[in-house]
There are 2 protein chains.
Amino acid sequence: MNQTMEKDKTDKKDHILDVAEKVFAELGYEGASTRLISGEANVNMAMLNYYFGSKEGVFLAIFERRIASFQSVLLSIGNDGSTNSWEKLNKYIESYVDRVVNNNCFHVMLNREISKSKKTDLTDQITKILMKNVIVFQDIIDNGIKCGEFNKDVDPQLLVATIFGTKNYIVNTPHISSLIIGYDVMDKDNQDEKLKPRLKTYLKKLLKAYLVNENDNNK
Amino acid sequence: MNQTMEKDKTDKKDHILDVAEKVFAELGYEGASTRLISGEANVNMAMLNYYFGSKEGVFLAIFERRIASFQSVLLSIGNDGSTNSWEKLNKYIESYVDRVVNNNCFHVMLNREISKSKKTDLTDQITKILMKNVIVFQDIIDNGIKCGEFNKDVDPQLLVATIFGTKNYIVNTPHISSLIIGYDVMDKDNQDEKLKPRLKTYLKKLLKAYLVNENDNNK
DNA sequence: CAAAATTAATCAATCGTTTGATTAATTTTG
DNA sequence: CAAAATTAATCAAACGATTGATTAATTTTG
(Lines give C-alpha, C1' and ligand atoms only; values in the text may rest on other atoms or scores of the structure.)
Protein backbone atom coordinates (compact mmCIF):
# COMPACT_ATOMS: atom_id res chain seq x y z
CA MET A 1 0.00 0.00 0.00
CA ASN A 2 2.59 2.56 1.06
CA GLN A 3 6.26 2.89 0.31
CA THR A 4 7.33 1.17 3.50
CA MET A 5 5.82 -2.15 2.51
CA GLU A 6 8.74 -3.42 0.48
CA LYS A 7 11.12 -2.68 3.33
CA ASP A 8 9.02 -4.16 6.11
CA LYS A 9 9.99 -7.65 5.15
CA THR A 10 13.68 -6.99 4.70
CA ASP A 11 14.52 -4.90 7.71
CA LYS A 12 12.39 -2.51 9.65
CA LYS A 13 15.30 -1.25 11.70
CA ASP A 14 17.15 -0.15 8.60
CA HIS A 15 14.07 1.66 7.38
CA ILE A 16 13.82 3.59 10.63
CA LEU A 17 17.49 4.52 10.44
CA ASP A 18 17.11 5.67 6.84
CA VAL A 19 14.28 7.98 7.79
CA ALA A 20 15.94 9.17 11.00
CA GLU A 21 19.12 10.00 9.08
CA LYS A 22 17.19 12.28 6.77
CA VAL A 23 15.22 13.95 9.56
CA PHE A 24 18.34 14.52 11.65
CA ALA A 25 20.09 16.01 8.62
CA GLU A 26 17.14 18.29 7.97
CA LEU A 27 16.44 19.54 11.48
CA GLY A 28 19.43 18.69 13.63
CA TYR A 29 19.50 16.35 16.60
CA GLU A 30 17.49 18.47 19.01
CA GLY A 31 15.25 19.79 16.27
CA ALA A 32 14.15 16.32 15.24
CA SER A 33 11.58 14.97 17.69
CA THR A 34 11.01 11.28 18.23
CA ARG A 35 7.38 11.82 17.28
CA LEU A 36 8.33 13.25 13.91
CA ILE A 37 10.85 10.50 13.17
CA SER A 38 8.42 7.74 14.09
CA GLY A 39 5.68 9.49 12.14
CA GLU A 40 7.80 9.81 9.01
CA ALA A 41 8.85 6.19 9.32
CA ASN A 42 5.24 5.07 9.87
CA VAL A 43 6.06 3.21 13.05
CA ASN A 44 4.83 3.59 16.60
CA MET A 45 6.84 5.98 18.70
CA ALA A 46 7.65 3.31 21.25
CA MET A 47 9.40 1.25 18.60
CA LEU A 48 12.32 3.67 18.60
CA ASN A 49 12.99 2.92 22.25
CA TYR A 50 12.15 -0.73 21.81
CA TYR A 51 14.71 -1.13 19.07
CA PHE A 52 17.38 1.43 19.95
CA GLY A 53 16.82 2.16 23.63
CA SER A 54 16.59 5.92 23.27
CA LYS A 55 16.73 8.82 20.87
CA GLU A 56 20.49 8.94 21.27
CA GLY A 57 20.53 5.21 20.57
CA VAL A 58 18.92 5.90 17.20
CA PHE A 59 21.52 8.53 16.50
CA LEU A 60 24.41 6.26 17.40
CA ALA A 61 22.93 3.38 15.40
CA ILE A 62 23.04 5.59 12.30
CA PHE A 63 26.75 6.12 12.87
CA GLU A 64 27.57 2.48 13.54
CA ARG A 65 25.84 1.51 10.33
CA ARG A 66 27.98 3.85 8.23
CA ILE A 67 31.31 3.28 9.91
CA ALA A 68 31.78 -0.20 8.49
CA SER A 69 31.90 1.01 4.88
CA PHE A 70 34.13 3.89 5.92
CA GLN A 71 36.84 1.64 7.27
CA SER A 72 36.90 -0.87 4.44
CA VAL A 73 37.25 1.76 1.73
CA LEU A 74 40.00 3.52 3.62
CA LEU A 75 42.16 0.43 4.00
CA SER A 76 41.83 -0.52 0.35
CA ILE A 77 43.41 2.79 -0.65
CA GLY A 78 46.05 2.94 2.06
CA ASN A 79 47.32 -0.53 1.27
CA ASP A 80 47.47 0.03 -2.45
CA GLY A 81 51.27 0.11 -2.64
CA SER A 82 51.52 -0.55 -6.33
CA THR A 83 50.90 3.00 -7.58
CA ASN A 84 52.74 6.27 -7.09
CA SER A 85 51.57 9.12 -4.88
CA TRP A 86 49.75 11.02 -7.58
CA GLU A 87 47.79 7.94 -8.63
CA LYS A 88 46.95 7.18 -5.03
CA LEU A 89 45.72 10.72 -4.57
CA ASN A 90 43.51 10.39 -7.62
CA LYS A 91 42.00 7.18 -6.31
CA TYR A 92 41.42 8.78 -2.94
CA ILE A 93 39.64 11.75 -4.46
CA GLU A 94 37.48 9.56 -6.64
CA SER A 95 36.27 7.24 -3.92
CA TYR A 96 35.88 10.05 -1.43
CA VAL A 97 33.71 12.20 -3.68
CA ASP A 98 31.53 9.22 -4.52
CA ARG A 99 31.13 8.18 -0.93
CA VAL A 100 30.31 11.62 0.42
CA VAL A 101 27.87 12.62 -2.29
CA ASN A 102 26.05 9.29 -2.06
CA ASN A 103 25.65 9.55 1.71
CA ASN A 104 25.19 13.30 1.85
CA CYS A 105 22.46 13.16 4.49
CA PHE A 106 24.76 11.29 6.83
CA HIS A 107 27.60 13.71 6.26
CA VAL A 108 25.41 16.73 6.92
CA MET A 109 24.33 15.12 10.16
CA LEU A 110 27.88 14.26 11.07
CA ASN A 111 29.29 17.69 10.40
CA ARG A 112 26.56 19.45 12.28
CA GLU A 113 27.30 17.31 15.32
CA ILE A 114 31.08 17.69 15.16
CA SER A 115 30.75 21.46 14.86
CA LYS A 116 29.61 21.68 18.47
CA SER A 117 32.52 23.06 20.42
CA LYS A 118 31.55 21.27 23.61
CA LYS A 119 33.33 17.94 23.90
CA THR A 120 31.14 14.90 24.37
CA ASP A 121 31.56 11.17 23.99
CA LEU A 122 29.95 11.43 20.59
CA THR A 123 32.19 14.20 19.29
CA ASP A 124 35.23 12.28 20.53
CA GLN A 125 34.03 9.20 18.71
CA ILE A 126 33.35 11.10 15.50
CA THR A 127 36.71 12.82 15.73
CA LYS A 128 38.52 9.50 15.89
CA ILE A 129 36.71 8.18 12.85
CA LEU A 130 37.32 11.28 10.77
CA MET A 131 40.96 11.47 11.78
CA LYS A 132 41.56 8.02 10.34
CA ASN A 133 40.31 9.39 7.06
CA VAL A 134 42.54 12.43 7.38
CA ILE A 135 45.66 10.43 8.16
CA VAL A 136 45.31 8.29 5.06
CA PHE A 137 45.23 11.48 2.99
CA GLN A 138 48.12 13.06 4.85
CA ASP A 139 50.28 9.96 4.45
CA ILE A 140 49.81 10.09 0.71
CA ILE A 141 50.88 13.73 0.61
CA ASP A 142 53.84 13.23 2.94
CA ASN A 143 55.09 10.28 0.94
CA GLY A 144 54.76 12.25 -2.26
CA ILE A 145 56.87 15.02 -0.81
CA LYS A 146 59.55 12.62 0.40
CA CYS A 147 59.77 10.97 -2.99
CA GLY A 148 60.16 14.35 -4.64
CA GLU A 149 56.91 13.83 -6.49
CA PHE A 150 55.28 16.86 -4.83
CA ASN A 151 56.64 20.31 -4.07
CA LYS A 152 58.35 20.77 -0.72
CA ASP A 153 57.00 24.21 0.05
CA VAL A 154 53.37 23.16 0.49
CA ASP A 155 51.19 23.12 3.59
CA PRO A 156 49.85 19.55 3.79
CA GLN A 157 47.80 20.25 6.90
CA LEU A 158 45.85 23.12 5.46
CA LEU A 159 45.49 21.17 2.23
CA VAL A 160 43.48 18.68 4.26
CA ALA A 161 41.17 21.50 5.28
CA THR A 162 40.78 22.45 1.62
CA ILE A 163 39.85 19.00 0.36
CA PHE A 164 37.39 18.18 3.12
CA GLY A 165 36.21 21.76 3.38
CA THR A 166 35.40 22.06 -0.32
CA LYS A 167 33.36 18.89 -0.12
CA ASN A 168 31.62 19.99 3.08
CA TYR A 169 30.72 23.35 1.63
CA ILE A 170 28.93 21.80 -1.33
CA VAL A 171 27.20 19.08 0.65
CA ASN A 172 26.38 20.98 3.85
CA THR A 173 25.16 24.26 2.40
CA PRO A 174 22.98 23.01 -0.45
CA HIS A 175 20.95 26.22 -0.70
CA ILE A 176 24.05 28.24 -1.41
CA SER A 177 26.09 25.75 -3.39
CA SER A 178 23.12 25.10 -5.66
CA LEU A 179 22.94 28.79 -6.44
CA ILE A 180 26.67 29.00 -7.07
CA ILE A 181 27.01 25.87 -9.16
CA GLY A 182 23.84 26.43 -11.13
CA TYR A 183 21.73 23.34 -10.43
CA ASP A 184 20.19 21.54 -7.47
CA VAL A 185 23.05 19.68 -5.82
CA MET A 186 20.58 17.60 -3.78
CA ASP A 187 19.05 16.09 -6.91
CA LYS A 188 20.21 12.52 -7.40
CA ASP A 189 20.54 12.76 -11.17
CA ASN A 190 22.49 16.00 -11.00
CA GLN A 191 24.79 14.44 -8.45
CA ASP A 192 25.66 11.45 -10.62
CA GLU A 193 25.81 13.11 -14.02
CA LYS A 194 27.17 16.55 -13.21
CA LEU A 195 28.38 17.13 -9.68
CA LYS A 196 30.54 14.07 -9.09
CA PRO A 197 32.62 14.21 -12.29
CA ARG A 198 32.97 17.96 -12.11
CA LEU A 199 34.08 17.90 -8.50
CA LYS A 200 36.57 15.12 -9.18
CA THR A 201 38.27 16.85 -12.10
CA TYR A 202 38.29 20.14 -10.25
CA LEU A 203 39.91 18.73 -7.13
CA LYS A 204 42.52 16.86 -9.15
CA LYS A 205 43.41 19.97 -11.13
CA LEU A 206 43.57 22.08 -7.99
CA LEU A 207 45.80 19.56 -6.26
CA LYS A 208 48.07 19.23 -9.25
CA ALA A 209 48.50 22.96 -9.60
CA TYR A 210 49.39 23.31 -5.94
CA LEU A 211 51.43 20.15 -5.46
CA VAL A 212 53.30 19.40 -8.67
CA ASN A 213 53.75 22.61 -10.63
CA GLU A 214 57.36 23.53 -11.17
CA ASN A 215 56.93 27.28 -10.89
CA ASP A 216 58.20 29.11 -7.87
CA ASN A 217 55.19 29.75 -5.70
CA ASN A 218 57.16 32.04 -3.45
CA LYS A 219 56.83 35.32 -5.25
CA MET B 1 31.58 41.19 41.44
CA ASN B 2 31.30 39.06 38.32
CA GLN B 3 32.57 39.47 34.77
CA THR B 4 29.33 41.00 33.56
CA MET B 5 29.70 44.10 35.66
CA GLU B 6 31.85 46.05 33.29
CA LYS B 7 29.34 45.53 30.51
CA ASP B 8 26.19 46.31 32.47
CA LYS B 9 26.68 50.02 32.13
CA THR B 10 27.62 50.02 28.46
CA ASP B 11 24.96 47.81 26.99
CA LYS B 12 23.11 44.93 28.52
CA LYS B 13 21.55 43.94 25.23
CA ASP B 14 24.91 43.49 23.61
CA HIS B 15 26.06 41.41 26.53
CA ILE B 16 23.08 39.08 26.14
CA LEU B 17 23.73 38.75 22.43
CA ASP B 18 27.41 37.99 23.06
CA VAL B 19 26.49 35.17 25.41
CA ALA B 20 23.66 33.88 23.24
CA GLU B 21 25.97 33.78 20.24
CA LYS B 22 28.36 31.52 22.09
CA VAL B 23 25.65 29.25 23.45
CA PHE B 24 23.96 28.94 20.06
CA ALA B 25 27.31 28.09 18.49
CA GLU B 26 27.96 25.46 21.13
CA LEU B 27 24.59 23.74 21.24
CA GLY B 28 22.64 24.77 18.17
CA TYR B 29 19.41 26.73 18.08
CA GLU B 30 17.11 24.04 19.48
CA GLY B 31 19.79 22.74 21.83
CA ALA B 32 20.23 26.11 23.50
CA SER B 33 17.41 26.79 25.95
CA THR B 34 16.36 30.28 26.95
CA ARG B 35 17.01 29.33 30.56
CA LEU B 36 20.60 28.41 29.82
CA ILE B 37 21.22 31.57 27.81
CA SER B 38 19.74 33.82 30.47
CA GLY B 39 21.61 31.91 33.15
CA GLU B 40 24.95 32.28 31.38
CA ALA B 41 24.24 35.97 30.83
CA ASN B 42 23.21 36.42 34.47
CA VAL B 43 19.89 37.98 33.58
CA ASN B 44 16.33 36.97 34.30
CA MET B 45 14.78 34.71 31.69
CA ALA B 46 11.96 37.13 31.02
CA MET B 47 14.50 39.75 29.96
CA LEU B 48 15.10 37.88 26.72
CA ASN B 49 11.47 38.30 25.76
CA TYR B 50 11.38 41.81 27.15
CA TYR B 51 14.28 42.90 24.99
CA PHE B 52 13.97 40.69 21.90
CA GLY B 53 10.37 39.44 21.96
CA SER B 54 11.19 35.77 21.67
CA LYS B 55 13.96 33.21 21.37
CA GLU B 56 13.92 33.61 17.62
CA GLY B 57 14.13 37.35 18.17
CA VAL B 58 17.39 36.84 20.05
CA PHE B 59 18.67 34.71 17.21
CA LEU B 60 17.76 37.26 14.57
CA ALA B 61 19.21 40.09 16.64
CA ILE B 62 22.56 38.32 16.58
CA PHE B 63 22.42 38.28 12.80
CA GLU B 64 21.36 41.88 12.43
CA ARG B 65 24.22 42.95 14.62
CA ARG B 66 26.82 41.22 12.44
CA ILE B 67 25.37 42.07 9.06
CA ALA B 68 26.31 45.73 9.23
CA SER B 69 30.05 45.06 9.37
CA PHE B 70 29.64 42.43 6.66
CA GLN B 71 28.22 44.84 4.16
CA SER B 72 30.62 47.70 4.75
CA VAL B 73 33.72 45.56 4.35
CA LEU B 74 32.37 43.99 1.21
CA LEU B 75 31.70 47.27 -0.52
CA SER B 76 35.12 48.65 0.32
CA ILE B 77 36.74 45.80 -1.57
CA GLY B 78 34.33 45.64 -4.47
CA ASN B 79 34.65 49.35 -5.17
CA ASP B 80 38.41 49.37 -4.96
CA GLY B 81 38.97 49.87 -8.65
CA SER B 82 42.53 51.10 -8.39
CA THR B 83 44.21 47.70 -8.12
CA ASN B 84 44.39 44.68 -10.42
CA SER B 85 42.54 41.42 -9.91
CA TRP B 86 45.32 39.66 -8.06
CA GLU B 87 45.71 42.51 -5.60
CA LYS B 88 41.97 42.64 -5.08
CA LEU B 89 41.95 38.93 -4.41
CA ASN B 90 44.69 39.34 -1.83
CA LYS B 91 42.77 42.06 -0.07
CA TYR B 92 39.65 39.95 -0.10
CA ILE B 93 41.45 36.97 1.43
CA GLU B 94 43.06 39.09 4.12
CA SER B 95 39.92 40.79 5.30
CA TYR B 96 37.87 37.64 5.01
CA VAL B 97 40.21 35.53 7.12
CA ASP B 98 40.39 38.23 9.76
CA ARG B 99 36.65 38.68 9.88
CA VAL B 100 35.78 35.00 10.08
CA VAL B 101 38.37 34.03 12.65
CA ASN B 102 37.47 36.97 14.86
CA ASN B 103 33.77 36.15 14.77
CA ASN B 104 34.14 32.39 14.70
CA CYS B 105 31.24 31.78 17.09
CA PHE B 106 28.91 33.64 14.81
CA HIS B 107 30.08 31.76 11.76
CA VAL B 108 29.68 28.40 13.44
CA MET B 109 26.15 29.39 14.37
CA LEU B 110 25.46 30.65 10.88
CA ASN B 111 26.75 27.56 9.12
CA ARG B 112 24.91 25.16 11.36
CA GLU B 113 21.67 26.95 10.58
CA ILE B 114 22.22 27.15 6.83
CA SER B 115 23.09 23.45 6.70
CA LYS B 116 19.45 22.58 7.34
CA SER B 117 18.03 21.40 4.04
CA LYS B 118 14.51 22.54 4.88
CA LYS B 119 13.88 26.04 3.56
CA THR B 120 12.73 28.60 6.08
CA ASP B 121 12.55 32.37 6.23
CA LEU B 122 15.79 32.35 8.17
CA THR B 123 17.71 30.14 5.73
CA ASP B 124 16.50 32.32 2.87
CA GLN B 125 17.70 35.42 4.67
CA ILE B 126 21.08 33.89 5.46
CA THR B 127 21.44 32.69 1.90
CA LYS B 128 20.96 36.19 0.55
CA ILE B 129 23.58 37.63 2.87
CA LEU B 130 26.16 34.97 2.07
CA MET B 131 25.53 35.21 -1.65
CA LYS B 132 26.48 38.87 -1.60
CA ASN B 133 29.80 37.80 -0.21
CA VAL B 134 30.16 35.11 -2.84
CA ILE B 135 29.37 37.43 -5.73
CA VAL B 136 32.07 39.90 -4.74
CA PHE B 137 34.58 37.06 -4.86
CA GLN B 138 33.27 35.70 -8.14
CA ASP B 139 33.37 39.11 -9.80
CA ILE B 140 37.03 39.44 -8.94
CA ILE B 141 37.78 36.04 -10.45
CA ASP B 142 35.69 36.65 -13.56
CA ASN B 143 37.32 40.01 -14.16
CA GLY B 144 40.75 38.47 -13.75
CA ILE B 145 39.92 35.88 -16.37
CA LYS B 146 38.61 38.47 -18.79
CA CYS B 147 41.73 40.59 -18.41
CA GLY B 148 43.90 37.56 -19.08
CA GLU B 149 45.33 37.84 -15.61
CA PHE B 150 44.01 34.40 -14.60
CA ASN B 151 43.90 31.12 -16.50
CA LYS B 152 40.84 30.48 -18.61
CA ASP B 153 40.47 26.78 -17.85
CA VAL B 154 39.58 27.22 -14.20
CA ASP B 155 36.31 26.52 -12.40
CA PRO B 156 35.45 29.77 -10.62
CA GLN B 157 32.30 28.35 -9.05
CA LEU B 158 33.99 25.43 -7.36
CA LEU B 159 36.82 27.73 -6.37
CA VAL B 160 34.28 29.59 -4.27
CA ALA B 161 33.48 26.32 -2.50
CA THR B 162 37.19 25.85 -1.84
CA ILE B 163 37.81 29.26 -0.30
CA PHE B 164 34.75 29.30 1.90
CA GLY B 165 34.93 25.57 2.55
CA THR B 166 38.55 25.68 3.73
CA LYS B 167 37.66 28.44 6.12
CA ASN B 168 34.54 26.67 7.34
CA TYR B 169 36.39 23.44 7.93
CA ILE B 170 38.90 25.09 10.23
CA VAL B 171 36.37 27.20 12.09
CA ASN B 172 33.46 24.76 12.26
CA THR B 173 35.28 21.59 13.18
CA PRO B 174 37.70 22.86 15.82
CA HIS B 175 38.24 19.45 17.41
CA ILE B 176 39.53 18.03 14.16
CA SER B 177 41.28 21.05 12.71
CA SER B 178 43.15 21.57 15.98
CA LEU B 179 44.46 18.02 15.77
CA ILE B 180 45.45 18.47 12.13
CA ILE B 181 47.07 21.87 12.46
CA GLY B 182 48.79 21.11 15.73
CA TYR B 183 47.44 23.72 18.13
CA ASP B 184 44.12 24.84 19.57
CA VAL B 185 42.48 26.87 16.82
CA MET B 186 39.93 28.24 19.31
CA ASP B 187 42.62 29.92 21.38
CA LYS B 188 42.67 33.65 20.78
CA ASP B 189 46.46 33.99 20.87
CA ASN B 190 46.95 31.09 18.47
CA GLN B 191 44.42 32.63 16.14
CA ASP B 192 46.16 35.97 15.94
CA GLU B 193 49.79 34.85 15.95
CA LYS B 194 49.65 31.59 14.05
CA LEU B 195 46.37 30.72 12.38
CA LYS B 196 45.52 33.96 10.60
CA PRO B 197 48.89 34.58 8.90
CA ARG B 198 49.30 30.93 8.03
CA LEU B 199 45.85 30.66 6.54
CA LYS B 200 46.33 33.85 4.54
CA THR B 201 49.61 32.82 2.95
CA TYR B 202 48.29 29.35 2.28
CA LEU B 203 45.15 30.54 0.52
CA LYS B 204 47.10 33.04 -1.55
CA LYS B 205 49.60 30.43 -2.65
CA LEU B 206 46.85 27.95 -3.43
CA LEU B 207 44.97 30.52 -5.48
CA LYS B 208 48.06 31.62 -7.32
CA ALA B 209 49.03 28.07 -8.24
CA TYR B 210 45.56 27.37 -9.56
CA LEU B 211 44.81 30.71 -11.19
CA VAL B 212 47.99 32.18 -12.57
CA ASN B 213 50.48 29.38 -13.21
CA GLU B 214 51.50 29.13 -16.83
CA ASN B 215 51.80 25.35 -16.95
CA ASP B 216 49.22 23.30 -18.78
CA ASN B 217 46.88 21.94 -16.16
CA ASN B 218 45.22 19.65 -18.64
CA LYS B 219 47.53 16.69 -18.62
C1' DC C 1 5.41 59.98 41.15
C1' DA C 2 5.32 57.88 36.52
C1' DA C 3 7.91 55.04 33.36
C1' DA C 4 11.14 51.64 32.63
C1' DA C 5 13.46 47.71 34.21
C1' DT C 6 13.56 43.47 36.70
C1' DT C 7 11.86 39.70 39.24
C1' DA C 8 9.50 35.25 40.79
C1' DA C 9 5.72 32.57 39.73
C1' DT C 10 3.03 30.41 36.45
C1' DC C 11 1.20 29.03 31.92
C1' DA C 12 0.12 25.66 28.09
C1' DA C 13 2.67 22.94 24.96
C1' DT C 14 5.92 19.71 23.79
C1' DC C 15 9.71 16.86 24.87
C1' DG C 16 11.67 11.81 25.41
C1' DT C 17 10.35 7.96 27.76
C1' DT C 18 7.61 4.35 30.07
C1' DT C 19 3.73 1.74 30.89
C1' DG C 20 0.20 -2.08 30.57
C1' DA C 21 -2.44 -4.36 27.26
C1' DT C 22 -2.94 -6.74 22.86
C1' DT C 23 -1.65 -9.26 18.88
C1' DA C 24 1.32 -12.36 16.19
C1' DA C 25 4.73 -15.71 15.98
C1' DT C 26 7.43 -19.32 17.94
C1' DT C 27 8.54 -23.04 21.07
C1' DT C 28 7.40 -26.49 24.32
C1' DT C 29 4.65 -29.94 26.08
C1' DG C 30 1.55 -34.02 26.52
C1' DC D 1 -0.40 -33.20 15.79
C1' DA D 2 -2.85 -30.03 18.97
C1' DA D 3 -2.96 -27.49 23.09
C1' DA D 4 -0.39 -24.75 26.17
C1' DA D 5 3.32 -21.78 27.23
C1' DT D 6 6.58 -18.47 25.90
C1' DT D 7 8.59 -14.83 23.28
C1' DA D 8 8.64 -10.87 20.23
C1' DA D 9 6.34 -7.03 18.17
C1' DT D 10 3.14 -3.35 18.37
C1' DC D 11 0.01 -0.10 20.17
C1' DA D 12 -2.52 3.86 22.55
C1' DA D 13 -2.18 6.33 26.63
C1' DA D 14 0.06 8.60 30.07
C1' DC D 15 4.27 9.95 32.65
C1' DG D 16 7.37 13.61 34.69
C1' DA D 17 10.41 17.00 32.99
C1' DT D 18 11.49 20.85 30.28
C1' DT D 19 10.44 24.03 26.79
C1' DG D 20 9.35 29.13 25.35
C1' DA D 21 6.36 32.45 26.88
C1' DT D 22 3.49 35.33 29.96
C1' DT D 23 1.71 37.33 34.00
C1' DA D 24 1.55 40.33 37.93
C1' DA D 25 4.16 42.20 41.46
C1' DT D 26 8.27 44.70 42.75
C1' DT D 27 12.32 47.61 42.24
C1' DT D 28 14.93 51.08 39.92
C1' DT D 29 15.35 55.14 37.46
C1' DG D 30 14.86 59.94 35.80
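Every chain is numbered from 1 and lettered A, B, ... according to where its sequence line falls, protein lines coming before strand lines.
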message: Any side-chain N or O of Ser54(A) below 4.0 angstrom from OP1/OP2 of dG16(C)?
response: no
- prompt: What is the nucleic acid contact for Thr34(A), judged by heavy atoms within less than 4.0 Å: base, sugar-phosphate only, or nothing?
  reply: base
- prompt: Between Arg65(B) and Asp18(B), does at least one N-O distance fall below 4.0 Å, as a salt bridge requires?
  reply: yes
message: Between Glu94(A) and Lys196(A), does any side-chain N to carboxylate O distance fall below 4.0 Å?
response: no
message: Is a donor from one side chain sitting under 3.5 angstrom from an acceptor on the other, for Thr166(A) and Thr162(B)?
response: yes
- prompt: Are Tyr92(B) and Asn133(B) close enough that a side-chain donor and a side-chain acceptor fall under 3.5 Å?
  reply: yes
- request: Walk me through it: do Lys116(A) and Glu30(A) pass the test salt bridge (Lys or Arg N to Asp or Glu O under 4.0 Å)?
  value: CA-CA 13 Å; Lys116(A) 295 178 180 173; Glu30(A) 286 85 4; 3.4 Å; yes
Measure from [atom1] on [X] to [atom2] on [N] and round the result to the nearest Å.
{"X": "Lys13(B)", "N": "dT6(C)", "atom1": "NZ", "atom2": "P", "answer": "11 Å"}
{"X": "Leu36(B)", "N": "dT19(D)", "atom1": "CG", "atom2": "P", "answer": "9 Å"}
{"X": "Met45(A)", "N": "dC15(D)", "atom1": "CE", "atom2": "P", "answer": "14 Å"}
{"X": "Arg35(A)", "N": "dT19(D)", "atom1": "CZ", "atom2": "P", "answer": "15 Å"}
{"X": "Phe52(B)", "N": "dA21(D)", "atom1": "CZ", "atom2": "P", "answer": "13 Å"}
{"X": "Lys55(A)", "N": "dT18(C)", "atom1": "NZ", "atom2": "C1'", "answer": "17 Å"}
{"X": "Leu48(A)", "N": "dA12(D)", "atom1": "CG", "atom2": "P", "answer": "14 Å"}
{"X": "Glu56(A)", "N": "dC15(C)", "atom1": "CD", "atom2": "C1'", "answer": "16 Å"}

message: Quick check with a 6.0 Å cut-off and a 45 degree axis cone: is Lys55(B) positioned over the face of Tyr29(B)'s six-membered ring?
response: yes
- prompt: Looking at Tyr51(A), does the NZ or CZ of Lys12(A) lie under 6.0 angstrom from its six-membered ring centre and within 45 degrees of the ring axis?
  reply: no
Using a cutoff of under 3.5 Å, can you pull out all pairs of nitrogen or oxygen atoms linking the protein to nucleotides 3-5 of chain C, with atom names and distances?
residue	atom	partner	partner atom	Å
dA5(C)	OP2	Tyr50(B)	OH	2.7

statement: The correct list of stems in which DNA chain D takes part (3 or more consecutive Watson-Crick or G-U pairs, distances under 3.5 Å) is C:1-30 with D:1-30
task: Measure from the side-chain N and O atoms of Asn190(B) to the backbone N and O of Asp184(B), and report whether any donor-acceptor pair falls under 3.5 Å.
output: yes
- request: State which of dG16(C), dT19(D), dA12(D) makes the closest approach to the side chain of Asn44(A).
  value: dA12(D)
- prompt: Looking at dA21(D), dG16(C), dT17(C), which one has an atom nearest to any side-chain atom of Asn49(B)?
  reply: dA21(D)
- request: Taking the six-membered ring for Trp and the full ring for Phe, Tyr or His, determine whether the centres of Tyr169(B) and Phe164(B) are under 6.0 Å apart.
  value: no
